[in-house]
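Just below is one structure, and these are the notes that go with it.
Letters A, B, ... mirror the listed sequences (proteins, then strands); counts begin at 1. Only this structure's heavy atoms are used, side chains among them; waters, hydrogens and symmetry mates stay out.
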There are 2 protein chains.
Amino acid sequence: MTSSTSRSPDGRRGDLFDPQCPTRRLLDRIGTKWTSMAVKVLAEASPEEVRFAEMQRRMTGVSQKMLSVTLQGLVRDGLVGRRVEATVPPRVYYRLTPLGLTLEEPLAALRQWAEEHMAEVDRAQRRSAEGEDAGAWSRPG
Amino acid sequence: MTSSTSRSPDGRRGDLFDPQCPTRRLLDRIGTKWTSMAVKVLAEASPEEVRFAEMQRRMTGVSQKMLSVTLQGLVRDGLVGRRVEATVPPRVYYRLTPLGLTLEEPLAALRQWAEEHMAEVDRAQRRSAEGEDAGAWSRPG
DNA sequence: CAGCATCCAATTCGATACTG
DNA sequence: CAGTATCGAATTGGATGCTG
């Protein structure tokens with residue numbers, strides 16, 4: 001109800017195919033390289049907090065900048081909470097909010113799908129790579 | 001099948017933090033702009049097939065090129081099947097494979113989350129935009 | 001320690017033109 | 001109709017240097 005659906009060029013219903021659509025926006029977000037990984041790290045620790053450096057350690061390959069950007073986005077979205085200890089040097093802790101925890105559920109389902117089925121995807125890819133004609137879904141037996 | 005998490009070859013933490021990891025690869029894929037929307041369109045039609053032009057019509061804003069690239073990826077992954085009618089002009093039909101249908105389930109869960117919670121995300125964003133100090137996750141009243 | 005600013009490389013996307 | 005090819009724009013990601 002935030003914005004009353006922008007008009008599609010062909011005037012069709014503004015389902016989820018506008019850039020404004022929640023699903024679209026969510027997928028845009030979790031599609032960014034490090035977001036879902038950050039959520040997972042925080043979910044695993046939950047309800048414990050995790051410090052910035054610790055997160056970077058667990059998210060192999062993430063740069064300081066990208067972790068920072070990613071967490072900022074999650075905090076802005078209300079999915080992650082941020083707590084600063086004003087010590088020297090400062091310590092910053094993150095953890096999932098209750099809202100973030102609810103997101104972890106469908107995200108975990110997606111991970112499970114990946115672990116169960118990506119091998120099959122790999123096989124399909126290999127078949128395609130071999131120039132299999134793949135007459136479609138009715139394979140000549 | 002579930003508990004045998006994919007371990008990295010080097011036997012490290014083995015979790016899902018290598019680029020090779022299935023989850024990572026899946027998220028990379030569904031994170032691309034049009035993939036999940038294409039899956040949704042095909043899922044809605046399933047088990048009926050959908051023609052190329054019809055898909056483009058339903059996916060407002062997608063260009064021919066991007067739809068083509070998106071569908072090629074899905075076909076290569078074994079998530080979508082493709083059938084060509086050798087007429088003139090030719091007709092090409094797409095539909096989800098059984099594997100693709102199983103992906104639609106967790107994807108639908110994600111969409112549902114988005115529809116239920118993105119309004120809350122919007123509110124959080126607005127609060128952030130107003131320069132709320134946000135002393136952390138313990139908010140007063 | 002945590003994070004910002006800047007610059008640069010890589011990828012993604014879209015518009016356009018062309019083909020069978 | 002359903003693509004392919006190509007180019008340029010926009011977005012994204014990564015490395016580095018600097019700050020409190």
Side-chain angles (χ1 to χ4, degrees), chain A residues 8-9 17-19 24-25 27-38 41-42 49-76 80-95 128 131 133-136, chain B residues 17-19 24-25 27-38 41-42 49-76 80-95 128 131 133-136:
Chain A
S8 309
F17 300 113
D18 302 287
R24 179 73 112 71
R25 291 173 48 222
L27 285 169
D28 280 358
R29 182 159 290 293
I30 71 172
T32 66
K33 196 167 185 180
W34 300 105
T35 300
S36 54
M37 201 182 298
V41 165
L42 293 172
E49 324 165 335
V50 186
R51 290 180 57 182
F52 187 92
E54 174 65 14
M55 291 198 66
Q56 192 174 11
R57 225 168 294 125
R58 296 194 195 178
M59 297 164 62
T60 315
V62 72
S63 66
Q64 238 171 11
K65 171 191 166 182
M66 287 317 294
L67 181 54
S68 192
V69 167
T70 299
L71 287 169
Q72 282 170 22
L74 288 167
V75 169
R76 271 197 14 185
V80 166
R82 180 177 187 271
R83 182 173 68 88
V84 181
E85 262 183 28
T87 57
V88 175
R91 297 176 181 186
V92 183
Y93 298 87
Y94 295 90
R95 77 170 176 189
S128 296
D133 146 79
Chain B
F17 300 113
D18 301 287
R24 179 77 111 71
R25 291 173 47 222
L27 285 169
D28 280 358
R29 182 157 290 292
I30 71 172
T32 65
K33 195 169 185 180
W34 301 104
T35 299
S36 54
M37 201 182 298
V41 166
L42 292 172
E49 323 165 335
V50 187
R51 289 180 58 181
F52 186 92
E54 175 65 15
M55 292 199 65
Q56 192 174 11
R57 223 168 295 125
R58 297 194 195 179
M59 297 165 61
T60 314
V62 71
S63 65
Q64 236 172 13
K65 171 191 166 183
M66 287 315 295
L67 180 53
S68 191
V69 167
T70 300
L71 286 170
Q72 281 169 21
L74 288 168
V75 170
R76 271 196 14 186
V80 166
R82 179 177 187 271
R83 181 173 69 88
V84 181
E85 262 182 26
T87 57
V88 175
R91 296 176 182 185
V92 184
Y93 298 88
Y94 295 90
R95 76 170 178 190
S128 295
D133 148 76

Pairs under 3.5 Å (N/O, protein and nucleotides 9-13 of chain C):
from   : atom 1 : to      : atom 2 : distance (Å)
C/dC13 : OP1    : B/Lys33 : N      : 2.9

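In the set D/dG3, C/dG3, C/dC1, C/dC1 carries the atom at the smallest distance from any side-chain atom of A/Pro90. For B/Arg82, taking side-chain heavy atoms from C-beta onward, the closest of the listed nucleotides D/dA2, C/dG3, C/dA2 is D/dA2. Relative to the side chain of A/Pro89, the nucleotides C/dC1, C/dG3, D/dC1 differ in distance, and C/dC1 lies closest.
Where B/Ala53 and A/Ser63 meet DNA chain D, the nucleotide closest to each residue was compared, and B/Ala53 sits on the side nearer the 5' end.
Among residues two or more places apart in sequence or in another chain, the side chain to side chain donor-acceptor pair (under 3.5 Å) test is passed with A/Thr35 by A/Thr32. Partners of B/Ser68 by side chain to side chain donor-acceptor pair (under 3.5 Å), not counting sequence neighbours, listed by chain and number: B/Gln72. Partners of A/Val62 according to the side chain to side chain contact (heavy atoms under 4.5 Å, CB included) rule, which considers only residues two or more places apart in sequence or in another chain, are A/Trp34, A/Gln56, A/Met59, A/Met66, A/Leu67. In terms of the salt bridge (charged side-chain N to carboxylate O under 4.0 Å, His left out) criterion, residue partners of A/Glu54 (sequence neighbours excluded) are, by chain and number, A/Arg57, A/Arg58. Partners of B/Arg76 according to the side chain to side chain donor-acceptor pair (under 3.5 Å) rule, which considers only residues two or more places apart in sequence or in another chain, do not exist here.
One interatomic measurement links the two molecules: CD of A/Gln64 to P of C/dG3, which rounds to 9 Å at whole-angstrom precision. If you measure from atom OH of A/Tyr93 to atom P of C/dA2, you get 8 Å, rounded to the nearest angstrom. If you take CD of A/Glu54 and C1' of C/dC1, they are 13 Å apart, rounded to a whole angstrom. In this entry the distance linking CZ of A/Arg29 with P of D/dT11 reads 15 Å, nearest Å. Regarding A/Phe52, its CZ atom lies at a distance of 18 Å from the P atom of D/dG20, rounded to whole Å. The distance from atom CZ of A/Arg25 to atom P of D/dT11 is 17 Å, rounded to the nearest whole Å. Distance A/Leu67 CG to C/dG3 P: 8 Å, rounded to the nearest Å. Nucleotide D/dG13 holds its C1' atom 13 Å from the CE atom of A/Met37, rounded to whole Å.
Taking both residues in full, the closest heavy atoms of B/Leu74 and B/Ala38 are given as CD1-CB, 4.0 Å, listed atom of the first, atom of the second, then distance. Smallest separation of non-hydrogen atoms from B/Ser128 and A/Val75: OG-O, 4.4 Å.
Under 4.0 Å is where a charged nitrogen must lie from a carboxylate oxygen, and between A/Arg83 and A/Glu85 at least one such pair does.
Applying the salt bridge (charged side-chain N to carboxylate O under 4.0 Å, His left out) test to pairs two or more places apart or on separate chains, none has a residue in residues 66-75 of chain A.
Within a heavy-atom distance below 4.0 Å of DNA chain D, the residues of residues 68-76 of chain B found are B/Ser68, B/Gln72.
Dashed line: the shortest gap from a side-chain N or O of A/Arg51 to OP1 or OP2 of C/dC1 is not under 4.0 Å. Distances shown here put a side-chain N or O of B/Tyr94 below 4.0 Å from the OP1 or OP2 atom of D/dG3.
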